[in-house]
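Since the structure comes first, as structure tokens, the remarks are kept for the end.
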Amino acid sequence: MDFKKEIAGKISQLVDMEQEKIMELIEIPPQSNMGDYAFPCFQFAKVLRKAPNMIAADLAGKLAQDNVIGKVEAAGGYLNFFVNRAEFMKEILTEVNEKGRDFGASKEGDGKTVLVEFSSPNIAKPFHIGHLVNTLTGSALEKIYRHLGYHTERLNHIGDYGTQFGKQIAAYKHWGNEEALEKDPITELLRVYVMFHEEAEKHPELEDEARQLFKKLEDGDPEMLALWQKFRDLSIVEFKKLYKEFNIEFDSYNGESFYTDKMGEVVQMLRDKNLLVESNGAQIVDLEKFNMPPCLILKSDGATIYATRDLAAGLYRHRTYNFDKCLYVVGNTQALHFKQIFTVLKLMGFDWADNMAHIGTSLVKFADRKMATRSGDMIYAKTVLNEAAEKTLEIVESKNSGLADKADVAKKVGMGAVAYTILKNNRDRDIIFSWEDILSFEGDSGPYVQYTCVRGKSVMRKAGDFPSTADYSKLTTDEEFNLVKLLDGFKAALKEAADRYEPFVITRHVTEIAKAYNKFYNSHPIMNAEPEVKAARLHLTKAVCNVIETGLSIIGIEVPENM
RNA sequence: GCGCCUGUAGCUCAGUUGGAUAGAGCAACGGACUUCUAAUCCGUGUGCCAGGGGUUCGACUCCCUUCAGGCGCACCA
């Protein structure tokens, strides 16, 4: 039963407005003592020629208590509803405990496909904190949509193509060490790549060599191809280790190289539709009437560019998946690029481009300067995770040194702290990197939520086998009621997170649940309560842990058994 | 110069389609462990919601404008 819907239905019998419209108007009062739902009556003032507070009072008099409504009050221009608590507790807790990890799942996504492109690191390059932001955001969005019943495809558009690989191959041929490559591929590849740039300053002929090698690679030279393939494979193995930490998987690793033979068609189509214009020797699509700079399709040397690849990829994805939605989870800095791509696709006559969206992710910066990729002035994801696990281990050591699998717990909690920090705020805001923030373990943090759940699980373990059913009407305190309201709110949070493409909605909601449970936990006994109350509280605990774990798993966080 | 984003408490940030006294965490200070894990809980806030106009019964929220910061503006991705 949906209490909000029921209430809207009752109101619709009294006023000249449809139930759906009323649903939209109903809000949650700022203070819980005002009520559980509120219906603002301001809109009727003009039509009825009556003051809003009079209307509210009038309506309040016509609504009787029943199994949905516990109490109705008129306050100001608001009609405030207090739900029938006993019924509410029973409904929601039964639903959560029946559905388990599927709580919050819906049918809205039935038969629909959502593509989520995210992570997309460059091979042979280290995975830095910026990639991590992007990866966690994309993965969370994908999991949110999956939970809502959509069929999803996780696309990792690997950066595995371009002239840089000519340099990479040249560098490796000159100074590479095979043993080091097998042992720690990215480090070795980066080492020789950096070396190439240093050497190229003294010996410019290296640049020519790199160009030639890239040409050979493009022409399918077996030796070059084998090396490139090797770099690619080893890099992906490395990336997968990182993905595993956050339970992330991909359905496709088709990257830039995959589209090399698919760009000709796009160029031809643009030409056929007379969209291609020459400008300074290059071929562009003019976007002036859209108030945008032109979209470069072919460079003056005739070579393709990333925009060409993204157009080809868009076309390919539409044909292959026939998506209902295609999300590009890529840094905010690329907003213009995607706006151009979508516009060009529309100009080509592809209306499905309207179903594509760029989901810009936060830029990670240092307090005083930009996090630069080229100069190597950046923080690696690996470093962050290692630091997090290390710090966590120290804390575990001091708080719970008797713990069995300390290293594993430290890892889960450390990862939790990192993922939480990254996914707790709006994507529009830049993230100022700070060790203090990312390794935060108190209050608003991953470990706080994990700890809450761990305590709950611990109580359940101590309770052993408890009855499979409980009388939820025994849960009569405000703390318990507020907790259940939040559990119910998880459904709306999922929906909002999906609509806004904002994982932080989940992060914050799960935190609210944890806070409410901690408050309850500290003010009411579970184990020492009367048998019936105890049973009900254990079921409440089970429901809370369930929803917290579901929410956390969406944002890539696991909960250990102990911590 | 043009475009996009941001500006809310000392710090980091929420604030639902405009609505009831603007909320959290951190930091600070004071309290709660013979009791289910104190990574917890409870208490303490004089915020020109960047400034200025406008729309509205009502604006942190919508419109205009100024200021400050970030990002982007074709042969890199």
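Reminder, nothing fancy here: chain letters follow the sequence lines and each chain counts from 1.
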Worksheet item: So what does A/Asn425 touch, heavy atoms closer than 4.0 Å: a base, only the sugar-phosphate, or nothing?
Response: sugar-phosphate
Worksheet item: With respect to the side chain of A/Asn518, which nucleotide from B/rU37, B/rU40, B/rA74 is positioned closest?
Response: B/rU40
Worksheet item: Looking across every strand, which nucleic acid part, if any, lies under 4.0 Å from A/Tyr448 by heavy atom: base, sugar-phosphate, or nothing?
Response: sugar-phosphate
Worksheet item: Base, sugar-phosphate, or nothing: which does A/Lys399 touch, judged by heavy atoms less than 4.0 Å apart?
Response: base
Worksheet, complete the sentence: Applying the 3.5 Å cut-off to both distances, the Watson-Crick or G-U partner of B/rG58 turns out to be none
Worksheet item: When all nucleic acid strands are considered with a 4.0 Å heavy-atom cut-off, which category describes A/Ile284: base, sugar-phosphate, or nothing?
Response: base
Worksheet item: Contact class for A/Ala282 (heavy atom, under 4.0 Å): base, sugar-phosphate, or nothing?
Response: base
Fill in: Donor-acceptor pair (no angle test) under 3.5 Å: A/Asn53 side chain, B/rA20 base
no
Worksheet entry | Rounded distance in Å - CG (A/Leu311) to P (B/rA77) | 14 Å
Practice prompt. Check every strand shown and say whether A/Glu256 touches a base, only sugar-phosphate, or nothing at a heavy-atom separation below 4.0 Å.
Written response: sugar-phosphate
Practice prompt. Report which part of the nucleic acid A/Asn426 touches: base, sugar-phosphate, or nothing (heavy-atom distance under 4.0 Å, all strands).
Written response: sugar-phosphate
Discussion item. Regarding A/Lys515 and A/Glu512, does a basic nitrogen lie under 4.0 Å from an acidic carboxylate oxygen?
Written reply: yes
Practice prompt. Pick base, sugar-phosphate or nothing for A/Met292, based on heavy-atom distances below 4.0 Å to the nucleic acid.
Written response: nothing
Discussion item. Which nucleotide, if any, forms a Watson-Crick or G-U wobble pair with B/rA22, using both distances under 3.5 Å?
Written reply: none
Worksheet entry | Value rounded to 0.5 Å, distance of OG1 in A/Thr511 from CD1 in A/Ile506 | 11.0 Å
Practice prompt. Name the nucleic acid region contacted by A/Phe504, choosing base, sugar-phosphate or nothing; use a 4.0 angstrom heavy-atom cut-off, strictly under.
Written response: sugar-phosphate
Worksheet entry | Whole-Å distance separating the CZ atom of A/Phe338 from the P atom of B/rG72 | 15 Å
Practice prompt. Could you measure between the two P atoms, the one in B/rG1 and the one in B/rC62, and give it in whole Å?
Written response: 26 Å
Worksheet entry | Rounded distance (Å) that lies between atom P of B/rU16 and atom CD of A/Glu27 | 11 Å
Fill in: Between B/rG43 and B/rU61 - C1' atom distance, rounded Å
32 Å
Discussion item. Would you call the rings of A/Tyr517 and A/Tyr521 parallel, tilted or perpendicular, taking 30° and 60° as the class edges?
Written reply: tilted
Worksheet entry | B/rU40 versus B/rG45 - spacing of their P atoms, nearest Å | 22 Å
Worksheet item: Can you find a donor-acceptor pair, distance only, under 3.5 Å between A/Tyr306 side chain and B/rA77 base?
Response: yes
Fill in: P spacing across the pair B/rC60 / B/rG53, given as an integer number of angstrom
14 Å
Worksheet item: Can you check side chain to side chain donor-acceptor pair (under 3.5 Å) on A/Asp437 and A/Thr421, steps first, answer last?
Response: CA-CA 7 Å; A/Asp437 282 348; A/Thr421 304; over 6 Å; no
Discussion item. Just by distance, no angles: are the side chains of A/Tyr448 and A/Asn518 close enough, under 3.5 Å, to form a donor-acceptor pair?
Written reply: yes
Worksheet item: Side-chain donor-acceptor pair under 3.5 Å between A/Glu218 and A/Tyr161, yes or no?
Response: yes
Worksheet item: Does B/rG7 have a Watson-Crick or wobble mate here (both distances under 3.5 Å), and if so which one?
Response: B/rC67
Worksheet item: When we call it a touch if two heavy atoms are under 4.0 Å apart, what does A/Asn280 touch: a base, just sugar-phosphate, or nothing?
Response: base
Discussion item. Suppose you measure atom C1' in B/rA68 against the same atom in B/rA59; what distance do you get, rounded to whole Å?
Written reply: 23 Å
Worksheet entry | Whichever of A/Gly162 and A/Leu403 has its nearest RNA chain B nucleotide further upstream toward 5' | A/Leu403
Item to complete: Give one of base, sugar-phosphate or nothing for A/Pro29, where a contact means two heavy atoms less than 4.0 Å apart.
Response: base
Practice prompt. Scan every strand shown for a Watson-Crick or G-U wobble partner of B/rC41, both distances under 3.5 Å, and answer none if you come up empty.
Written response: B/rG31
Worksheet item: How would you label the contact of A/Val505 with the nucleic acid (heavy atoms, under 4.0 Å): base, sugar-phosphate, or nothing?
Response: nothing
Worksheet item: Within this structure, what is the CD1-to-P distance between A/Ile506 and B/rU16, rounded to whole angstrom?
Response: 17 Å
Item to complete: Give the nucleotide from the list B/rU37, B/rC73, B/rG3 with an atom nearest to the side chain of A/Asn562.
Response: B/rU37
Worksheet, complete the sentence: Value for CG (A/Leu275) from CD1 (A/Ile284), rounded to nearest 0.5 Å, stands at 11.0 Å
Item to complete: Using a 4.0 Å heavy-atom cut-off across all strands, classify A/Glu502 as base, sugar-phosphate, or nothing.
Response: nothing
Worksheet item: Looking at the side chain of A/Thr333, which of B/rC36, B/rC75, B/rG72 is the nearest nucleotide?
Response: B/rG72
Worksheet item: Rounding to the closest angstrom, what is the interatomic distance between B/rG58 and B/rA39 at atom C1'?
Response: 44 Å
Worksheet item: Along nucleotides 21-33 of chain B, 5' to 3', which nucleotides get a B, which get an S, and which get a -, given that the test is a protein heavy-atom distance under 4.0 Å?
Response: B--SSSS------
Practice prompt. Tell whether A/Ser300 reaches the base of B/rC75 with its side chain through a donor-acceptor pair below 3.5 angstrom.
Written response: yes
Fill in: Any donor-acceptor pair under 3.5 Å from A/Asn332 side chain to A/Arg427 backbone
yes
Worksheet entry | Side-chain heavy atoms of A/Arg309 within contact of A/Lys262, under 4.5 Å | no
Worksheet item: What about A/Ser279, does its side chain sit under 3.5 Å from the base of B/rA74 through a donor-acceptor pair?
Response: yes
Worksheet item: Will you find, in the side chains of A/Tyr420 and A/Asp444, an N or O donor that is under 3.5 Å from an N or O acceptor?
Response: yes
Worksheet entry | Spacing between A/Lys167 atom NZ and B/rA77 atom C1', to the nearest angstrom | 13 Å
Worksheet item: Taking the side chain of A/Arg429 as its heavy atoms from C-beta onward, which of B/rA38, B/rA20, B/rG7 lies nearest to it?
Response: B/rG7
Discussion item. Closest approach to the side chain of A/Tyr521, judged atom by atom: which nucleotide of B/rA39, B/rU37, B/rA20 is it?
Written reply: B/rU37
Worksheet item: Rounded to the Å, how far apart are A/Leu423 CG and B/rA14 P?
Response: 13 Å
Fill in: Touch class at under 4.0 angstrom, heavy-atom based, for A/Leu336 against every strand present
sugar-phosphate
Worksheet entry | Separation of the C1' atoms in B/rG18 and B/rG54, to the nearest angstrom | 15 Å
Worksheet item: Please give, in whole Å, the distance from B/rU16 P to A/Lys495 NZ?
Response: 17 Å
Worksheet item: Using purine N1 to pyrimidine N3 plus N6-O4 or O6-N4 for Watson-Crick, or N1-O2 and O6-N3 for G-U wobble, both under 3.5 Å, which nucleotide pairs with B/rA74?
Response: none
Fill in: Aromatic ring proximity, centroids under 6.0 angstrom, A/Phe39 and A/Phe81
no
Discussion item. Taking only the C1' atom of each, what is the distance from B/rC57 to B/rU16 in whole angstrom?
Written reply: 22 Å
Worksheet, complete the sentence: Comparing A/Glu24 with A/Met563, nearest RNA chain B nucleotide closer to 5' gives the residue A/Glu24
Discussion item. Looking at A/Tyr193, I'd like to know if the NZ or CZ of A/Lys125 sits under 6.0 Å from its six-membered ring centre while staying within 45 degrees of the ring's axis.
Written reply: yes
Worksheet item: Given atom CG of A/Asn134 and atom C1' of B/rC71, what is their separation to the nearest angstrom?
Response: 16 Å
